[in-house]
Amino acid sequence: MSSKKVDLRNLDFNNSGAWPIQVKLGACFLVLVVIIGLAWYLFVKDKRMLIEAEEATEVTLRGEFQTKQGRAANLEPLKQQLAQMEVMLQQMLRQLPSKNEMPDLIVDVSQTALASGINNELFQPGAETMLEFYAEKPIALRMAGTYHQFGAFVSGVASLPRVVIMTMHDISLKPRGDGDQTLVLEGTVKTYRYLDEDEAAAAAPATAAPAPAAPAPAAAPVAGGVQ
């Protein structure tokens, strides 16, 4: 069985109805391919890109959901931890001197320095600053003594019946000079007390407004109970 070859160069494009059946089928196939290609390009491609974008969004949202779900699951334990921390904070604040104890405490600190052999050349308490949970009181001082006397002073302050927190600011410790080996401690220390309920309520509105943050009692520790 022989097949007749078709010469495509002799086809009359103005009379496609007279084309051989093989050519007609081939032409229909090409037209179908072109139509499918155009349809995919005009409709399916854009939809495909949209689907891919939506799939990416789905992955992102699923990750966010899992993260928030984990946070929600831990919310109640975190609330309990926060409540426990607030109780611990109040207990720690209660270890600080009260308003009524503060004057006697300052006198005790000064007397402890004198009992240690230190010469108080300047010991001048300043005005209190009310903060959210506590009040700080600066003391400008200049003390002269030996290394061992300063050590005895720190030990004496640490043994006071009330917890004393003292932070140092712009402190210098150096020999007096001219052959005198006495050390001179000069600068400002701050000591702290807790606020009673009325003071805390009065200080809360002031601290709620935006303001430059005051330094918390976290400077260099002195020793023992003196921080």
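These numbers come from the heavy atoms of this one structure, side chains and all, not from hydrogens, waters or symmetry mates. Given the structure is predicted, the values throughout are model-derived calculations rather than measurements. Sequence positions, counted from 1, serve as the residue numbers for this chain.
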Answer yes when Arg193 and Glu128 have at least one side-chain N-carboxylate O distance shorter than 4.0 Å, and no when they do not. yes

Atom NE2 of His148 and atom CG of Leu183: how far apart are they, to the nearest 0.5 Å? 10.0 Å

Nearest 0.5 angstrom please: Leu114 CG to Ile118 CD1, how far? 8.5 Å

Partners meeting side-chain hydrogen bond (donor to acceptor under 3.5 Å, both in side chains) with Gln84 (sequence neighbours left out): none

Could you walk me through whether Met102 and Thr191 pass the side chain to side chain contact (heavy atoms under 4.5 Å, CB included) test, one step at a time? CA-CA 9 Å; Met102 198 65 173; Thr191 187; 3.0 Å; yes

Same cluster or not: Tyr147 versus Phe150, using hydrophobic residues (I, L, V, M, F, W, Y) connected whenever any side-chain heavy atoms lie under 4.5 Å apart? yes

Any Ile139 side-chain heavy atom under 4.5 Å of Val189 side chain: yes

Hey, are Glu121 and Arg176 close enough for a salt bridge, meaning a charged N less than 4.0 Å from a carboxylate O? yes

Residues two or more places apart in sequence or in another chain: which of them pass side-chain hydrogen bond (donor to acceptor under 3.5 Å, both in side chains) with Ser116? none

Using the rule that two of Ile, Leu, Val, Met, Phe, Trp, Tyr join whenever any of their side-chain heavy atoms come within less than 4.5 Å, decide whether Val109 and Leu173 are in one cluster. yes

Taking side-chain hydrogen bond (donor to acceptor under 3.5 Å, both in side chains) as the test, write out the residues that go with Gln81, two or more places apart. none

For Val157 and Thr112, work out which heavy atoms get closest and say how close. N-CG2, 3.8 Å

Looking only at heavy atoms, the pair that brings Ala113 and Asn120 closest together is CB-OD1, 3.6 Å

Under 3.5 Å, side chain of Ser110 to main-chain N/O of Ile106, donor-acceptor pair present? no

Thr67 and side chain to side chain contact (heavy atoms under 4.5 Å, CB included): which partner among Gln69, Arg71, Glu64? Arg71

Verify, without hydrogens or angle tests, whether Lys137 (side chain) and Lys190 (backbone) share a donor-acceptor contact under 3.5 angstrom. no

Leu75 CG to Gln80 CD distance, which is reported to the nearest 0.5 Å: 10.0 Å

Check: Ser155 side chain, Gly151 main-chain N or O, donor-acceptor pair, under 3.5 Å: no

Verify side chain to side chain contact (heavy atoms under 4.5 Å, CB included) between Glu54 and Glu58, making sure each step is shown before the conclusion. CA-CA 6 Å; Glu54 293 296 333; Glu58 179 188 5; over 6 Å; no

Inter-residue atom distance Gln149.CD - Leu185.CG, 0.5 Å rounding: 12.5 Å

Could you check whether any side-chain heavy atom of Met143 comes within less than 4.5 Å of a side-chain heavy atom of Phe123, counting everything from C-beta outward? yes

Which pair of heavy atoms, one from Met130 and one from Ala135, lies closest together, and at what distance? SD-CB, 4.0 Å

Taking Ser159 for its side chain and Gly156 for its backbone only, find out whether a donor-acceptor pair lies under 3.5 Å. yes

Trace of the side chain to side chain contact (heavy atoms under 4.5 Å, CB included) decision for Tyr192 with Leu131: CA-CA 10 Å; Tyr192 304 86; Leu131 301 176; 5.7 Å; no

Before you tell me yes or no, could you show the steps for Thr188 and Ile171 under side chain to side chain contact (heavy atoms under 4.5 Å, CB included), namely the whole-Å CA-CA distance, both residues' side-chain angles and the distance that decides it to 0.1 Å? CA-CA 6 Å; Thr188 301; Ile171 289 290; 5.7 Å; no

Separation between CG (Leu61) and NZ (Lys68), nearest 0.5 Å, reads 9.0 Å

Less than 4.5 Å apart, any side-chain heavy atom of Leu122 and any of Leu141? no

Nearest heavy atoms of Thr182 and Gly145, plus distance in Å: CG2-N, 3.4 Å

